[in-house]
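Have a look at the structure below before the remarks.
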Amino acid sequence: MISNEMASRINAQINRELFSAYFYLGLSAQAESSNLNGTAAWFMAKHGEEMTHALKMYRYLLDQDATVKLEAVSAPPAQTAGIMDMFERTLSHERSVTGAINDLVDHAAHEKDHATHIFLQWFVTEQIEEEATVNDILGRLRLFGDQGQGLLMIDNELAAAAKKISATAPAA
Ligand code: OFO
């Protein structure tokens, strides 16, 4: 059993994870409409990952005999200004999620809720990887360009990365 306050904070995080999934779904559609099929596959794979994150928290609340409270999910950006903008928004989004996870960890520590504190460690590690991956993609876009051959190469790399994400997706 966890406190009502802790459960309510985790419910808010479920909403953020569902928003993340929605955010990536929107970017996937925009990338595919621009014929960036590898990029679209990568964002779609991220969509799947974010759903898994939401479901991990959903499962945790139920296992802790707490109430799952699903709220409305905000709309993601309807338009972006190309691939660079997509990944810049992705990085800033993931940084905000990292901040929210850190706040949850702080609160679990404050409540001396050891179970939740341990549960959240997986998310702390996951955020490091997510930010590093997006930073790497942005670095390559800056280096090789977001048009022509450079863009084609990066789009192909993202197609390969999407396959790996899907193949190694953790079970909820
Ligand atoms: Fe759920 O890790 Fe990204 O947002």
Inspect the surroundings of CZ in F144 and state if more than 12 heavy atoms from other residues, nucleotides or ligands are less than 6.0 Å away.
yes

Rounded distance (nearest 0.5 Å) linking atom CG of L151 with atom CG of D146:
7.0 Å

Which pair of heavy atoms, one from M6 and one from A108, lies closest together, and at what distance?
SD-CA, 3.8 Å

Can you tell if the side chain of E126 reaches within under 4.5 Å of the side chain of I101, non-hydrogen atoms only?
no

Nearest heavy-atom approach of Y24 to H47 is CB-N, 3.8 Å

Can you establish whether the number of heavy atoms outside E5 located under 6.0 Å from its atom CD is more than 12?
yes

Quick one, Q127 and R95 - any side-chain contact, counting heavy atoms below 4.5 Å?
no

Mind telling me whether W122 and H53 have parallel, tilted or perpendicular rings, with 30° and 60° as the class edges?
perpendicular

Assign the ring pair F87 / W42 to parallel, tilted or perpendicular, where the plane angle (0 to 90°) is split at 30° and 60°.
tilted

With the side chain counted from C-beta on, respond yes when D103 and H107 share a heavy-atom pair under 4.5 Å apart, and no when they do not.
no

Going from CG on L138 to CE on M84, what distance comes out if it is rounded to the nearest 0.5 angstrom?
7.0 Å

Atom pair CG/CE of L55 and M57 - distance to nearest 0.5 Å
11.0 Å

Distance check, rounded to the nearest 0.5 Å: R9 atom CZ versus N4 atom CG?
12.5 Å

Take F123 and L104 through the side-chain contact (heavy atoms from CB on, under 4.5 Å) test and state the conclusion after the steps.
CA-CA 10 Å; F123 291 90; L104 279 175; over 6 Å; no

Validation row, ring centre H93 to ring centre F19 under 6.0 Å
yes

Just checking H114 against H117, ring centres under 6.0 Å apart?
no

Does some side-chain heavy atom of I10 sit less than 4.5 Å from a side-chain heavy atom of I2?
yes

Roughly how far, to the nearest 0.5 Å, is the OG1 atom of T52 from the CD atom of E49?
7.0 Å

Spell out, as yes or no, whether a donor-acceptor pair under 3.5 Å connects the side chain of D155 to the backbone of G38.
yes

As a quick check of understanding, evaluate salt bridge (Lys or Arg N to Asp or Glu O under 4.0 Å) for E130 and K46, giving each step before the final call.
CA-CA 10 Å; E130 292 202 348; K46 297 301 288 179; 3.7 Å; yes

When you compare the side chain of P76 with that of L27, does any pair of heavy atoms fall below 4.5 Å?
no

Hey, any chance L143 and I137 share a hydrophobic cluster, counting ILVMFWY side chains that come within less than 4.5 Å of each other, even indirectly?
yes

Minimum heavy-atom distance between V124 and V105, given as atom pair plus value
CG2-CG2, 3.8 Å

Taking side chain as C-beta onward, heavy atoms only, is F43 less than 4.5 Å from Q30?
no

Min side-chain heavy-atom separation P77-R89 under 4.5 Å
yes

Any donor-acceptor pair under 3.5 Å from D113 side chain to S3 backbone
no

Out of curiosity, E94 CD to I128 CD1, how far, rounded to the nearest 0.5 Å?
13.0 Å

Within one Ile-Leu-Val-Met-Phe-Trp-Tyr cluster: L61 and L70, side-chain cutoff 4.5 Å
yes

Are L18 and M51 side-chain neighbours, meaning at least one heavy-atom pair lies under 4.5 Å?
yes

Do you know which two heavy atoms are closest between T67 and N11, and how far apart they sit?
O-ND2, 2.9 Å

Can you name the closest pair of heavy atoms from A115 and Y60 and give their distance?
C-OH, 3.4 Å

In terms of hydrophobic clusters joined by side-chain contacts under 4.5 Å, are L152 and I154 together?
no

Taking atom CD of E88 as the centre, does the number of heavy atoms from other residues, nucleotides or ligands within less than 6.0 Å exceed 12?
yes

For the residue pair S166 and A45, what are the closest heavy atoms and their distance?
OG-CB, 3.9 Å

